[in-house]
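Remember, it's 1-based here, ligands and their atoms both numbered in the order they're listed.
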Amino acid sequence: MTRRPTSTPWTPDSWRSRPAAQQPVWPDEGELKRVHAQLAGLPPLVFAGEARHLTRALGQAAEGRAFVLQAGDCAESFSEFSADAIRDKLKVILQMAVVLTYGSGVPVVKVGRIAGQFAKPRSSPTEQVGDQVIESFRGHMVNDDLPERSARVPDPNRLVAAYQQSVSTLNLLRAFTKGGFADLSQVHAWNQQFVASSAEGQQFEDIAEGIDRALRFMAACGINLTAEDSLHEVDFWTSHEALILDYEEALTRRDSLTEEWYDCSAHMLWVGERTRQLDGAHCEFLSGINNPIGSKIGPSATADDVIDLCERLNPQRVPGRLTLITRFGVDAIDRALPPLLRAVRDQGHPVVWVCDPMHGNTFTAEGGQKTRRFDDIIGELKGFFRAHQSEGTWPGGVHVELTGDDVTECLGGVEDIVEGQLHQRYTTTCDPRLNARQALDLAFGVAELLRS
Ligand code: TRP
Ligand code: MN
C-alpha cells in the first residue's frame, strides 16, 4: 500500500491526482468549471458543528451505547420530489426508530439516505437498449433515466439542481423534526395503527404494548409528555454516497471555528464498495474531511483490507469517525463477517458496525425487475446479530433502502408480495426498496433480535 508522501498535504482537490472510479465524462469541461464555481459560492447545507455532534453520537454507537438507523432511497429522484414523499419517508423512519429505541434500550441515531443521495455507481458504463448501446444512468445528479441516448448525456447543471433539491428537502426535514411532527406519542400512535392492521400484529403487539406502558409510566411519574422537548423533537442527520467528487469538493468548506475542512453537502458521507480503493480518489477525499464517514464492505474484503481501510480513514482512531457498512448477502454473512469483527477488535479500531441487508440480496425476477426477498433481508440481519453475539462486539446499526410509498419492489413481508405483483407499483429509479409496511415489519423484527 502506498502512503501519501508527507510533502503533499490533503486539499479538497488532492483527489484529482488519484484514479477516480465511476466519474461521469462531462462533455463540456468549461461548463463543469462554471458550475463548480457556482456551487463553491453557495451556502453550505450543514454546519460543521452538526457534523461533530453526529461524530459524538456515532461514537456512542461504536462503544455499544447507541444504535444507528440509516435509511432512505436507493437514489433520490428529480421527478418524484414532493413534500408528501419526504414526510412519508420521515414518518416510517421515525416509526422504526421508536421501535428500535425500545428494543435496544439505547438512543437511536437517525440518519437519512436523503437530501443528497442522487448518484449511482454502475457495474457497466453502457447499457443495451433495443439495438442501441447508450450510456448508463448514473443518478439524477448526472443524467436522466429515460432510455434514450440524449437523456444519458451528463449535464453539470444537474449538480446545481441536486444541491437545490437537497436544500429544500433538508429545510423540510428540519421543520418536521423540530416542529412537532416527530412527537413520540404521535409516532407511537402510528405504530399502534400498523400493529392493529397487520397480519402479524399479534407478534408485534407485545412490543407496542410495552412502549405504551412505558409512556403511561412516565406520565404517571409526573413527566409532562407534551411539554418535554426531548419527547417531541429528534435529531435527524443526512448522508449520501460521496460519489461525484466534483460536487463534494465544491461543497467542502473550512470551518470558521476550528479551521478544519468539512464536506458541507451532508452530515455523513460514505464510500461505496466499488470506489473504496485505498489509493483511489474517493478514499483520498474522505480521508481529509472531518465529517463522520463510512465505507461499504462487501464479501470480497479480507480482514487485512478492512484494517488498511481503518488506518487510511481513521488513523487517529476517533470513535464515531468511521462506520463500516457490511453488505454480504444472506449466504455469505456467517462466513465473511466474524473474521472481520475479530481483526478490527484485535487491532483496537473503534468502528460502528452497521448491517446493510439489502445490497447483497439483489436478484432479477422473471419479469426483469431487480428485487430482494424480505426473508433474505431478515436472514442477513439475523446472521449479523449472531456474528456480533459470538465475537462479543456490538451490532451498531442497520442501513436500509425504503420509501414511505406503497410500492411493490421487494418480495414477501406482511402482505406477501409475489413476483407477479412486482410490476404493479414498481417506481424506483435504481434498487428495489422496502415499502412502509415492510420497513416497519423489519424494525419490529430487529427490535426482537435486540431484545433477545
Ligand atoms: N428525542 C428522543 C430521540 O430522538 C425521543 C423521541 C422523540 C423519539 N420523538 C421520537 C424517538 C421519534 C424516536 C422517534 O430518541
Ligand atoms: Mn442501492
If you check every N/O/S atom of H359, which is the one nearest the Mn ion (ligand 2)?
->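 Relative to the Mn ion (ligand 2), the closest nitrogen, oxygen or sulfur of H359 carries the name NE2.
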How far is atom 8 (C) of ligand 1 from its nearest protein heavy atom, and which residue and atom is that?
-> V234 CG1, 3.6 Å
For atom 14 (C) of ligand 1, find the nearest protein heavy atom and state the residue, atom name and distance (0.1 Å precision).
-> V98 CG2, 3.3 Å
Apply the test side-chain hydrogen bond (donor to acceptor under 3.5 Å, both in side chains) to residues R327 and H399: give CA-CA distance (whole Å), side-chain angles for both, the deciding distance (0.1 Å), then the verdict.
-> CA-CA 9 Å; R327 26 95 76 230; H399 178 120; over 6 Å; no
Mark the output for [X] as yes if a heavy-atom distance to ligand 1 is under 4.0 Å, and as no if none is.
X    : result
S230 : yes
V108 : no
K110 : yes

Do the charged groups of D88 and K91 touch, with an N to O distance under 4.0 Å?
->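 Salt bridge between D88 and K91, a charged N being under 4.0 Å from a carboxylate O: no.
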For L434, the option from M358, R372, E401 that meets side chain to side chain contact (heavy atoms under 4.5 Å, CB included) =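 Only match with L434 under side chain to side chain contact (heavy atoms under 4.5 Å, CB included): M358.
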Within reach of ligand 1, part of E233 (heavy-atom separation under 4.0 Å) =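 The answer is the backbone.
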Classify the contact between D235 and ligand 1 as side chain, backbone, both or neither, using a heavy-atom distance cut-off of under 4.0 Å.
->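 Answer for D235: neither.
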Note, C410 side chain near F374 side chain (heavy atom, < 4.5 Å) |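 Contact flag for C410/F374 side chains = no.
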Can you list the residues that meet the side chain to side chain donor-acceptor pair (under 3.5 Å) rule with Y262, with sequence neighbours excluded?
-> R52, E260
Quick check: are there more than 12 heavy atoms from other residues, nucleotides or ligands sitting under 6.0 Å from NZ of K178?
->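 Above 12, so yes.
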Ligand 1 N/O within reach of A182 N/O, cut-off under 3.5 Å |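 In this structure, A182 places an N or O atom under 3.5 Å from an N or O of ligand 1.
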